[in-house]
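Structure first, commentary second.
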There are 2 protein chains.
Amino acid sequence: MCIAGGRIHDLQGAGSKTFGATAPTLSAQHVSTHDHLFFEGDARDRIYIVESGWVKLYRTLIDGQRQIVGFANSGSILGIESDGHYSNSCEAITDVIIRPIPAIRINGICKNDPALADQILRQIARQLGAAQSQLATIGAQSAEQKLATFLLSIADLCEVNHDREFDLPMRRGDMAEFLGLRLETVSRKMTEFQRRGWIKLTSLYHCRFLQRHVLEQLAQGGEADTGVALRAC
Amino acid sequence: MCIAGGRIHDLQGAGSKTFGATAPTLSAQHVSTHDHLFFEGDARDRIYIVESGWVKLYRTLIDGQRQIVGFANSGSILGIESDGHYSNSCEAITDVIIRPIPAIRINGICKNDPALADQILRQIARQLGAAQSQLATIGAQSAEQKLATFLLSIADLCEVNHDREFDLPMRRGDMAEFLGLRLETVSRKMTEFQRRGWIKLTSLYHCRFLQRHVLEQLAQGGEADTGVALRAC
DNA sequence: AGAACCGCTTGATTTCAGTCAATTCGATTA
DNA sequence: TAATCGAATTGACTGAAATCAAGCGGTTCT
């Protein structure tokens, strides 16, 4: 099966030709929160361009452990890392609108559709860079540093508003599975960040930076000084 | 600077036209062990195709922590994840022969050189898949599982010979920086794997599988049973 | 030969994050 | 308003890997 619950709906007439004259012809589709676009191992019959909303991409190990390998929102292309079969599962974490592209178009795409191919090449390069950054985060940072890095990068994707406020569209457990932590650890650190006055959670899924520079220092591998001036030495 | 020690040598006449009629014109170059092809942040003036030998790709955090984001050998394309500037440093861990491709060719490559573009697209997709697998390894596995996964995948890249023997071209510290562990932990686990009769180190950089299935079970998230039969229950 | 160096191994101890368990919070429904 | 359910928080305890430190073995340099 490819779509859990079969709740993907065609949106005839919704935003078309986003990707130029050679763009795909399939119409945009709607996916509800918690529905899957595809599962790891499914035959890859199409790739998807996200038009709005958020999805998570993850892998499941045999012992049930899961690893989220990325979150994706508007502009992301899904399914390009695989060949024949999807190598990740993909679940909507908000309501999502996607535009499918038949996989058949991918073979020899450079000859047949150079505009789309360039688009895909840029996207996949960006995703590879992001995956490598995430490797550095997961492999070389402490829980505290991981969370700081995560908040900054998610805020970046969400475009922080004038109040330094941004969405946190995923659950604590998703954050944990992305960062290689447990949700209890994420929860504790979020609480600690608040207690120290670095962030303010206006709701579970809404966050505001109070001391962004402290998080940036943490993320870059420095010590958090909480405003205490460093003495020259 | 781009090449530490300036020890990259042109190899005029060495293997040419590996990548079809539209292949790059620059000649192959030799890089000695421990020399750098490029550093994180350098202007990306070219990408490279590895023709022989091994390199490591890594990032350095401000506090000096390093994360190896990948090892690459024959057939790999280096520098494609970046745009304008290299996002990783690249160091030869053995003597290496590479073929450079001027970055200028990359823009609009689909129109100008579709054969090379298809090649790059396949390579980058493979690298993204590998990076995501590595995320799952680093984020969701124990030290023991990480090492089992690593040995299996490196053996795969090296092509195990008839004696189930394969090269381990990197140092313990490199393995550690790749797996998000400390070199002491890698050393301990390697010793433990040997003591349990799963592997035999014929030298520091040469390994033989004795009980490959145990490692495979470990890597997939199961318990290691060391040959003791499981009772049906 | 001796000294110095480098990478690896091994041991003792500490610590950060994981585990297990209880409780709270918030949204939805009866 | 009470009941229910899922998600998040909080607490007590444990354990796996990090840290700190010493020693080993091979290679290179004087």
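Letters A, B, ... mirror the listed sequences (proteins, then strands); counts begin at 1.
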- [ ] In whole angstrom, give the distance that lies between atom NE2 of A:His34 and atom C1' of D:dC5.
- [x] 14 Å

Open item on the list: Report for the helix from C:dA1-D:dT30 to C:dA30-D:dT1: angle between first-end and last-end helix axes, five pairs each, rounded to 10 degrees.
Closed with: 30°

Open item on the list: Tell me every residue that passes salt bridge (charged side-chain N to carboxylate O under 4.0 Å, His left out) with A:Arg44, counting only those two or more places apart in sequence or in another chain.
Closed with: none

- [ ] Rounded to the nearest angstrom, tell me the gap between atom CZ in B:Arg182 and atom P in D:dA21.
- [x] 16 Å

Open item on the list: Can you measure B:Gln141 atom CD to D:dA16 atom C1' for me and round it to whole angstrom units?
Closed with: 15 Å

Task: Partner set under salt bridge (charged side-chain N to carboxylate O under 4.0 Å, His left out) for A:Glu81, not counting sequence neighbours - done: none

Open item on the list: If the condition is side-chain contact (heavy atoms from CB on, under 4.5 Å), which residues does B:Asn161 pass it with, not counting sequence neighbours?
Closed with: B:Asp163, B:Glu165

Open item on the list: Please identify the 5'-most and 3'-most nucleotides of DNA chain C with any atom under 4.0 angstrom from a heavy atom of chain A.
Closed with: C:dA17 to C:dC20

Task: Donor-acceptor contact below 3.5 Å, side chain B:Glu40 vs main chain B:Thr60 - done: yes

Open item on the list: Listing request: all salt bridge (charged side-chain N to carboxylate O under 4.0 Å, His left out) pairs with a residue in residues 145-158 of chain B, at least two apart in sequence or in separate chains.
Closed with: none

Under 3.5 Å, sequence neighbours excluded: what are the donor-acceptor pairs made by side chains of residues 124-135 of chain B?
| unit_1 | atom_1 | unit_2 | atom_2 | d |
| --- | --- | --- | --- | --- |
| B:Gln127 | NE2 | B:Ile77 | O | 2.8 |
| B:Gln127 | NE2 | B:Gln123 | OE1 | 3.0 |
| B:Gln132 | OE1 | A:Arg59 | NH2 | 3.4 |
| B:Gln132 | OE1 | A:Asn88 | ND2 | 2.9 |
| B:Ser133 | OG | A:Arg59 | NH1 | 2.8 |
| B:Ser133 | OG | B:Gly129 | O | 3.2 |
| B:Gln134 | NE2 | B:Phe178 | O | 3.0 |

Task: Partners passing side-chain contact (heavy atoms from CB on, under 4.5 Å) against B:Gln194 (at least two apart in sequence or in another chain) - done: B:Ile199, B:Lys200, B:Leu201

TODO: Summarise how protein sits on nucleotides 8-14 of chain D as a single string, 5' to 3': B when a protein heavy atom is under 4.0 Å from the base, S for sugar-phosphate-only contact, - for no contact.
DONE: SBBBB--

Which protein N or O atoms sit under 3.5 Å from an N or O of nucleotides 26-29 of chain D?
none

Open item on the list: Going by side-chain contact (heavy atoms from CB on, under 4.5 Å), name the residues that satisfy it together with A:Arg182, two or more places apart in sequence or in a different chain.
Closed with: A:Gln65, A:Glu184, A:Thr185

Open item on the list: Can you confirm whether the side chains of B:Thr33 and B:Asp95 place a donor and an acceptor under 3.5 Å from each other?
Closed with: yes

Task: Residue pair A:His206 / A:Asp167, side-chain donor-acceptor N/O under 3.5 Å - done: yes

Open item on the list: Can you list everything that forms a salt bridge (charged side-chain N to carboxylate O under 4.0 Å, His left out) with B:Arg46? Sequence neighbours excluded, please.
Closed with: none

